[in-house]
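Comments concern the structure below.
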Amino acid sequence: MVDPVVSDIGYLVSAALFLLGIKRLSSPKTAPQGNRLGAYGMLLAVLVTMAKMYNEGIIGLELIAGGLALGTIIGAWMAIRVEMTGLPELVALFNGFGGGASALVGLSEVLGRIHNGDVPSPGIELYATWVAIGLSGLVGWLTLTGSLMAMGKLKGGFYIPLTKKDDRGRRKWVNFPTWGPPWLNFVKGSLLVASLALICMTIQEPENTDYIYAIAGLSGLLGILFVLPIGGADMPVVVSLLNSMSGIAAAFTGFVIGNNVLIIAGSMVGAAGLILTFIMCKAMNRTLPAVLFKSFGGGGKETVTRTKVGSDPEEVAMVCDGISKCVIIPGYGMAVSQAQHAVKEFADLLEAEDVEVSYGIHPVAGRMPGHMNVLLAEANVPYEQLIEMDEINSELPECDVAIVIGANDTVNPVARSGEGPLGGMPIIDADKARVVVIIKRSLSVGYAGVDNDLFYEDKTMMLFGDGKKMMNELNAAFKDL
Amino acid sequence: MVDPVVSDIGYLVSAALFLLGIKRLSSPKTAPQGNRLGAYGMLLAVLVTMAKMYNEGIIGLELIAGGLALGTIIGAWMAIRVEMTGLPELVALFNGFGGGASALVGLSEVLGRIHNGDVPSPGIELYATWVAIGLSGLVGWLTLTGSLMAMGKLKGGFYIPLTKKDDRGRRKWVNFPTWGPPWLNFVKGSLLVASLALICMTIQEPENTDYIYAIAGLSGLLGILFVLPIGGADMPVVVSLLNSMSGIAAAFTGFVIGNNVLIIAGSMVGAAGLILTFIMCKAMNRTLPAVLFKSFGGGGKETVTRTKVGSDPEEVAMVCDGISKCVIIPGYGMAVSQAQHAVKEFADLLEAEDVEVSYGIHPVAGRMPGHMNVLLAEANVPYEQLIEMDEINSELPECDVAIVIGANDTVNPVARSGEGPLGGMPIIDADKARVVVIIKRSLSVGYAGVDNDLFYEDKTMMLFGDGKKMMNELNAAFKDL
Amino acid sequence: MSLTLTALVASITVFVLAIFLGFELISKVPPTLHTPLMSGANAISGITIVGALILSNSEFHNGNPGLSAWLAFAALVMATINVVGGFMVTNRMLEMIAGKKNRKKGGH
Amino acid sequence: MSLTLTALVASITVFVLAIFLGFELISKVPPTLHTPLMSGANAISGITIVGALILSNSEFHNGNPGLSAWLAFAALVMATINVVGGFMVTNRMLEMIAGKKNRKKGGH
Ligand SMILES: NC(=O)c1ccc[n+]([C@@H]2O[C@H](COP(=O)([O-])OP(=O)(O)OC[C@H]3O[C@@H](n4cnc5c(N)ncnc54)[C@H](OP(=O)(O)O)[C@@H]3O)[C@@H](O)[C@H]2O)c1
Ligand SMILES: NC(=O)c1ccc[n+]([C@@H]2O[C@H](COP(=O)([O-])OP(=O)(O)OC[C@H]3O[C@@H](n4cnc5c(N)ncnc54)[C@H](OP(=O)(O)O)[C@@H]3O)[C@@H](O)[C@H]2O)c1
């Protein structure tokens, strides 16, 4: 008699842990603790559920143990194996799994009920349960396919297997498509309306599984079409939005199986994720509707027609000799080439000569928010040297040398003009420094696919090559001075 | 069949309105709207309840209509009639009524149940209901008596009726007592423990009304002893804490009658009130335990032994002629004498002579937070001229004349020494101005009962008399110049 | 109104969530608004009026109000004073603070 | 698991409160924490694992798992990946950001 209460209270505690977890995750000092609290909450919820099942008699032990073991191994393996550059994709993938799981739970429940002849007669229970199943399916499948699309876009594209390798030993690369004529929005709208209509129809004919499968199909398609027109540069925002949706899907699943902890945790994540989405939009200087309904960025690479003579490490080392202030501006290229340790070594060399070194961190440098901070922290760069955009911009006019390593869009002066895909995005004013050194492999464009005038300015020295290799050569040259 | 749902949803909407109301009340622009949302929520809750009762059959119509009418008339009359200086007392009184109402509901429920023989047999229902009744009584009665004490202390004292009138035509005035030896904390602790023990005993003997009455008695006494040692200057903090408690009492009442809207609204107010209490403590530069368990301020007036020759309005008007910057520092005395319109007129006169006028607003000037802002807004002083303490302090050294009207503690330099009742309270540095004019009726002390050295400084001109009268004379003198 | 365990736990869930919500709702309040906020929240805590209403209607014995009905009546009066007075007085304060500003904007 | 109206409304109440709570919880997040917060919240949304567990245990017919049991199994695997991988990866990110700082404090 007392058991269900104990488990209910256990669920309540776990919901409270989630709540505190989310709250702590949003502040730098408490974030690791926040994550741990969330994990404890989840562990508690699982244990309480198992205890409850144990009380009622476990019949599917193999299935349960197998599922848990399999999921744990795969999840842990992915989490451990992933490289830092691959993090955003992985988060998107996990998110898709979450949405998919919610949809599957709903599907399993409805099929099981139909099979067992346990369909309620028309009345509040039927309406509430079937609507919840329909909605958790709609949101869940959408999250699954949308997240998989987002993952592909975050990778930027893929190598076609079996094609001829080029001179750098790589196979043919295709970009993930970004395509969205204006009329696609109508299609998306119709799909949504059709799915909702199908949910209404499931109530009329609760035993008809066709409707259920149709909802799955339509909402899966909707997820794909939803992400298709959105440029890769906007993917973090989309993933955050999908994250919010996977929370909502979990909450609906909670209505399906009548469990409060799913409702609480799911809707909390749903709401918090939505707020985070807005915060991220603001950081990228965009509005959510603009992100979702106007295609932008990440698509076709422009062909570069202008040329610029490259410089060499020795020349750059000489320029850096005897200066008093140097700002290092890292970007995606530093992440790809894992140049952070070499960068840190260079900074140490400069500091030994009493040069003041700081790092200018653009909020969307790299491929996920905070990407640069993570990498530079890994290389033991002191936190105080990581300066945020606004602050570094006021320092740059007094800076002797700005070293831009693997960044492009985030220092592109065209953004100030307010036009084109980058228009209006705040940038780091690298061009205000006395000398600008840019380390990248070519003159080609960055994420947003926009040419960068900064490369062609007189004060700019281009150091063509892989980021890590060039930094190491630069360090060697500097030591040889 | 559908009715209870409609009413439940109505309650849910009203809870949401309360939530938005509280949120909006905490930001200047949305505050009036927040209050309105709260009122709509309450109206909705009442209407829903009436509709529900109507459905079930109304038997106590006269009682209900009479109670609502009587309460509305008294409440509205009090709210309309109150003077601005009396606001804090009124809030305390209303708060006490809220707590008392919760306690009475619990009492009514338990007596009714005992009378009807509707006492549940031992089990979860008995435990939950009786504990909730006990707790709502404990918190509710405590809130009632504590709030009444707080109200008395906010008034500062009372005239003893029927005593001989003095030369100003006033009867004998006694200060509200502030008394709290350290051992009183033990007494309070014991009372609390005893009340909790009584609640446990009501569960054993649910039909025994003696316990219920004993809880009421003890917790009422506890409320009195709780507020007795706390000085009048700390009353707003205490009222805020009691406000939080009245919310908790309402939440417990919600458990008693099994109604979610009471639980939601009550616990929300309870939590929000607690946070507000901490915020207010911080603004007054104190900690909550210090406020609650160390008696301070508002007590015995020191006898003034030193003397200072008063000035007259003509002299002050001459000093104010031809200056370029004047800061007006209002305090409780301006509120009492309703001098704000005269002050505004004086400011207009100065501004006509191109003097820069601003008002220095101390966060705890007057008898409630924001007291001065309310009064000056009433006199149409532009909002931009009301400068907060920190900001005005950086301006005061360049100020020619500081006019202190009815303020005392908030400009008392002794606070900087860090000792005595005022020690450590941030003050407005009126003494940094070139000339200080102080308008008050005598040399006597202010709220905290501490003598003020500023009165005796050479640069200080005392203008003795009622605030409004002196301001009007000053205006006349200034026009005559 | 027989209380089941599940219903009790559901109520406790709501209680806990609302407490968390209350904590989160208020973060920074300028001193000017301390009093109106306190006063407005106080008016909301008069929600106990719902309980007073219900009991004023139910605690009758053979059509006559008993002691507990009169207690409920007293609770109803107090709660109504708290609610009506509370919202009105808060409104008065806020009109002083904000209303004047608005009127000014319109006027000048 | 027959659903009454009252229970449904109670669930909706909880739903609404939790949504409000979610909105209030997050107010200002520094850009560095956007990704970990997203990733951690995502792991929490894997709470659907509870549903998958329950259904993995119940959807049997004569002791044999039917289609819906296998669906629940798939859901369980996915949810577990989401939960385990999600918390671990978040932890890795945060260790990068914050852990290093702490180690430094200790070391130097
Ligand atoms: N932070 C986020 O949340 C986020 C997420 C998604 C998208 N975005 C978008 O990504 C962009 C970030 O700007 P960003 O300046 O950091 O990067 P970027 O504009 O994408 O440019 C990166 C540059 O690095 C170079 N590069 C690539 N691999 C390299 C290697 N191995 N060694 C050296 N250089 C290499 C590339 O030039 P070469 O090919 O010539 O070497 C490329 O031009 C913005 O448009 C932003 O909106 C941001
Ligand atoms: N704001 C709050 O939340 C709050 C609440 C409660 C207590 N307090 C406390 O109250 C104090 C506020 O400081 P304060 O500087 O505003 O006031 P105060 O220190 O209380 O001094 C007010 C002065 O006004 C004078 N006065 C009284 N009636 C007057 C009249 N009709 N005309 C002219 N002067 C008159 C009094 O002197 P005479 O008798 O000589 O005229 C008195 O010294 C602080 O100690 C604060 O902690 C604040």
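Residue numbers begin at 1 in each chain, while the letters A, B, ... track the order of the sequences.
Every pair passing side chain to side chain donor-acceptor pair (under 3.5 Å) that includes a residue from residues 97-106 of chain A is listed here, sequence neighbours excluded: A:S102-D:T48.
For A:Y11, the part lying near chain D is the side chain, with the backbone staying farther off; criterion is any non-hydrogen pair under 4.5 Å. Both the backbone and the side chain of A:V239 have a heavy atom closer than 4.5 Å to some heavy atom of chain D. Looking at A:A76, both its backbone and its side chain come within 4.5 Å of chain D, counting heavy atoms on both sides. Interface remark: A:L93 contributes no atoms to any contact with chain D (heavy atom separation under 4.5 Å). Looking at A:S27, only its backbone comes within 4.5 Å of chain D, counting heavy atoms on both sides. Proximity to chain D is absent for every atom of A:M372, based on heavy atoms less than 4.5 angstrom apart. Neither the backbone nor the side chain of A:L37 comes within contact range of chain D; no heavy atoms are under 4.5 Å apart.
The residue among D:V83, D:N42, D:T35, D:L25 with the most heavy atom pairs within less than 4.5 Å of chain A is D:N42. Interface summary for chain A: among D:V16, D:L17, D:I49, D:L53, the most heavy-atom pairs under 4.5 angstrom belong to D:L53.
For the pair D:R92 (side chain) and A:V82 (backbone), a donor-acceptor distance under 3.5 Å is present. Using a distance-only test at 3.5 Å, with no hydrogens or angles considered, a donor-acceptor pair links the side chain of D:N57 to the main chain of A:G60. Counting only distance, with no hydrogens or angles, the side chain of A:S108 and the backbone of D:S68 share a donor-acceptor pair below 3.5 Å. A:N243 places a side-chain N or O within donor-acceptor distance of the main-chain N or O of D:M38, the cut-off being under 3.5 Å.
The two residues D:A69 and A:L63 have their closest heavy-atom pair at O-CD2, 3.8 Å. The minimum heavy-atom distance between D:A74 and A:L104, with the atom names listed, is CB-CD1, 3.8 Å.
Looking only at atom types and distance, the side chain of A:S246 has a donor-acceptor partner in the side chain of D:S45 under 3.5 Å away.
Residues satisfying the salt bridge (Lys or Arg N to Asp or Glu O under 4.0 Å) criterion with A:K23, sequence neighbours excluded, are C:E24.
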